[in-house]
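I'd like to ask you about the structure that follows.
Convention: sequence-line order gives letters A, B, ...; per-chain numbering from 1.
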Protein chains: 2
Amino acid sequence: MSDLLLTNVRPMGGAATDILIRKGVISEIGPGLSAAGVAVEDGAGALVIPGLVDAHTHLDKTTWGMPWYGGRKGGVLQSLIDNERNERIPLGLDVHRQSMRHAVGLIASGTSHIRSHVDVDTDHGLTLLEGKVRTREALAGLIDIQIVAFPQSGLMVRPGTYELLDAALAAGADIVGGLDPSSMDRDPKGSLDAVFALAEKHGKPVDIHLHEPGELGAFTMEMILDRTAALGMQGLVGVSHAFHLAMVPEARISALMERIAALDVSIYSTGHPSANVPSLARMRAAGIRVGIGCDGIRDTWGPWGEPDMMHRARIVGMKNGFRRDDELELLLDTASGAGAASIGVPGRSVSVGAVADLTLLAGETLAHAVVLDEPRPLVVHGGKVAARAGKAVVEAP
Amino acid sequence: MSDLLLTNVRPMGGAATDILIRKGVISEIGPGLSAAGVAVEDGAGALVIPGLVDAHTHLDKTTWGMPWYGGRKGGVLQSLIDNERNERIPLGLDVHRQSMRHAVGLIASGTSHIRSHVDVDTDHGLTLLEGKVRTREALAGLIDIQIVAFPQSGLMVRPGTYELLDAALAAGADIVGGLDPSSMDRDPKGSLDAVFALAEKHGKPVDIHLHEPGELGAFTMEMILDRTAALGMQGLVGVSHAFHLAMVPEARISALMERIAALDVSIYSTGHPSANVPSLARMRAAGIRVGIGCDGIRDTWGPWGEPDMMHRARIVGMKNGFRRDDELELLLDTASGAGAASIGVPGRSVSVGAVADLTLLAGETLAHAVVLDEPRPLVVHGGKVAARAGKAVVEAP
C-alpha cells in the first residue's frame, strides 16, 4: 500500500493543505483533496518536510538498549579503535540486533535514509557486514540504508583488509570506505589508489573519513580531489568530517571549497562538539553538497548521542553558532532534502512528482521545529507510514 | 514540612538504602529506616545526588512558552545586546512571568540553586530586577535564586549605569556583575575599579562575564586577580566564560589557573558550543572551584537550550570531549555539589548533616544517568518535595 492522503499538513511551514500520494509519489498538493479507497492520515496542522537523512553513522557500533558499558577509554584515535575491536565479542555486541535498534530509532524519529559505515577488519572479516545487511533487508520499505565498507582498523597497515573490502563490495556493501590515508594508513598514495581501484572495479562510490588536521588534511583532500578528477568520479565521492576545512588559513579554505564544489564532492559533517568542524553555511554557500549525521551513538567510543537526526541537527546548529531563522532553515534542509542529495538521492522535496519520503514535525515554523524536542507526529517512507507519534511501525529486537 | 523519609535510593550510585531527613537536613542514612509520622517517598531504586546547580543563567531573557520569536540577529556581541534591549518591550517579555517559566522548568528537572544575572541598564532601570525578585520570593523554599546585577549594555560606556547597579544592590541583588571590562567597556581599570568599589560598599561578591579572547582576556583576568588579592576577596569572586583560558599558550594557561585557584576565584562555564572554552578537567585538577550553567534559553540572542541542567551537562561534556565514566562523574559533580560550592553554597552532598537538597536520577550508574534523557523521578529542596516525575509542585504562569 503506497497510496496515502495526508490532510491538514503545512509543507515547509506554509499554509495548511492536503497531499495525495499515489504509488509512493506525491501526485497532488492542495486543500480539500479526497481520493476514494485511499487511506487518510490527519496531519493536524503539523509541518511536513522531506524525510530526514543521516548521512554519516555507524549502525554496527551502538550499545543502545544494552547494559551500561563502563569501559570507555580516552587517548588517541588508535586506542579508541583498538578498544572497540577488542571489546566487540566480549561485550556481546550483536550487529544485527544493535543495528536494528539504532535504525528503528531513526525511523521513529523521521529518518528516511541512512548512510552507515560498517567495520571491515581482519579480526571480524565480513561478519559485521552480514549483520547489517540483514537489518537493511528487515527494514526495507521503511528506511533506505546505504552501507559503506569501512576499514576502521586501517587498510595499508593491516594486510588482508583490501581483499576483505573487495569481498564486502561483492557481498552487499554499496560504497567503498577509507580512513585517514596519511595519519592512519601512513601511505596516502597507496591507500587512496587502493580505495579508488576498488571503486573502479565495483563501479561504486567512495566515502572517506578524513579527521586529519590542518595542512595534513588539506594535502590528503587534494589527493582525493586529484583522483576524483582523473577518474571522472564527479558526484561519486564523499569526504566525512574534513576538520582541516576549519583549520587552514582562510584563503586556502576558500580555494579548497571551490575545488570541492567544482568536482561535486560531498562533505559529511557530524558537528563534532570537541573538534574543529567546517562551516556549514560556508560549504553550502560554496555550492558543496553537504549532509550531516549522528555518527556513533552510545558506542564503545563515547557515551553521547540519540538515534534522532533532529537531536543531531541541534548539535550541528549550536556548533555552527546558528541563531537566525534562515540559519535554522538551512540546517533543516541539510538534515533532509539537501542531505539526501549529498548521498546520491536527489529530488527529495514536498512537491508534486517527488518520492513521498515525508516527515511531520511539531512547531509553528521550520525554525521553531528545529529546536522543539518533541516526537514526530508521522513518518512516511515511499508513501507508506513508517512511524506514528514517535513510534516506528516495527519493533526492534 | 521538612521531615521526609526517602526509601530505596542509591546515594551517588551506590547500594540501595534509605535517607531520613529531619528539619531539612539529612539525619540518617541506612537500610530499613522508619520514622513515625514522617512522610515517605519511595525512590524505587533511583540514584540520588545533591541538587543540580545552574551557576550561570539569565532568567530575565527567555521567550520560553511565548510564540516563536523570529527576529534573532547575527553579527557581533554588540548587535545581539542592542537587539535584545530594543526588543524586550515590543515583544512583551514580562520578566516575572518568563523567569517563573524558566525557574519552574529548572525545579522540575532537579535544580536546587540558580545564579542568575539580571540586566540593569539605563533603558529599563531596575524593572527587570523587580520582576525577578518577585520570582525569587514566589519560589522560596523550592529553589534558591542568587541574583547578579548585570550591566549587560555596558557600565563605563553607559553613564548612569553605576548608579543603577548601586541601587540594584540595595534593592535585592546579591552579587555585583560586570561585562568585558576591556572589549566592551573600553576601560578595564575604570570598569573593574567601579565593580569592586560596589562590592566593597555593599559587602557583596563579584561575578564578571569575560568573553574577551586570547591575551586580551588574560590581561583582564590578571587585573581581576590583582583586585581580588588587594581587597582580600578570596572566595568571593567569580568569572564567567573565561574563553581566554582555552586560547593562550599552554604554559600561560597553567600559570593563570594556578593563580585563579590560589585566590579561590570561581570559574563558570556554559560549554559554549561555538566558542573556545576552558577545559573542565584541567580547571578541576588545578583546584579551581567550577560551576556550569545553562546560560540563555531560547532568548532573543539564540534559539537553543532547555531549562534543564542535565541537558546542559551533556553539552558541556560533549564540548570537553568526555568519554570515560570518571569524566562523566566529574561532570555530574560539577553540575551539582561542586557547582554549589562554586557559587558559595558549600557542603551539598548525600551525607549525614548535609542540607537535604537532593535530586533523584534514572540510570544504572552515575555515568549512565548523565546521558539518559529521562524525567527526574523526585526533587527535594531543604527536605521538601519540589518536583515529582519531571513535574514541579508549582505551576508557572
message = Between B:R85 and B:D119, does any side-chain N to carboxylate O distance fall below 4.0 Å?
response =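 Salt bridge flag = no for B:D119 with B:R85.
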inquiry  = Tell me whether the rings of A:H209 and A:H117 are parallel (<30°), tilted (30 to 60°) or perpendicular (>60°).
reply    = perpendicular
query = Of all of B:G363, B:P67, B:A275, B:G71, which one pairs up most often with chain A through heavy atoms under 4.5 Å apart?
reply =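 Heavy-atom pairs under 4.5 Å are most numerous for B:P67.
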For A:S99, all residues meeting side-chain hydrogen bond (donor to acceptor under 3.5 Å, both in side chains), sequence neighbours excluded = A:T135
key: Test item: B:S269 side-chain N/O and B:G271 main-chain N/O as donor-acceptor pair under 3.5 Å   = yes
message = If you count heavy-atom pairs within less than 4.5 Å of chain A, which of B:T365, B:V371, B:L80 leads?
response = B:V371
query = Would you say B:N8's side chain and B:G43's backbone share a donor-acceptor pair under 3.5 angstrom?
reply = no
task = For residues B:R101 and B:M66, determine if any side-chain heavy atom of one lies less than 4.5 Å from a side-chain heavy atom of the other.
result = yes
task = Quick one: which of A:K319, A:H272, A:E327 has the most heavy-atom pairs under 4.5 Å with chain B, could you say?
result = A:K319
message = With a strict 4.5 Å heavy-atom criterion, list every residue of residues 296-303 of chain A that contacts chain B, or say none.
response =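 Contacts with chain B: A:R298, A:W301, A:G302, A:P303.
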query = Is it the backbone or the side chain of A:Y69 that comes under 4.5 Å from a heavy atom of chain B, or both, or neither?
reply =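 The backbone, not the side chain.
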inquiry  = Regarding A:E250 and A:R282, does a basic nitrogen lie under 4.0 Å from an acidic carboxylate oxygen?
reply    =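 Yes.
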task = Report the option among A:L328, A:I315, A:N320 that has the most heavy-atom pairs separated by less than 4.5 Å from atoms of chain B.
result =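 Option with the top pair count is A:L328.
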ask   = Is the shortest distance from a Lys or Arg side-chain nitrogen in A:R284 or A:D333 to a carboxylate oxygen in the other one below 4.0 Å?
value = yes
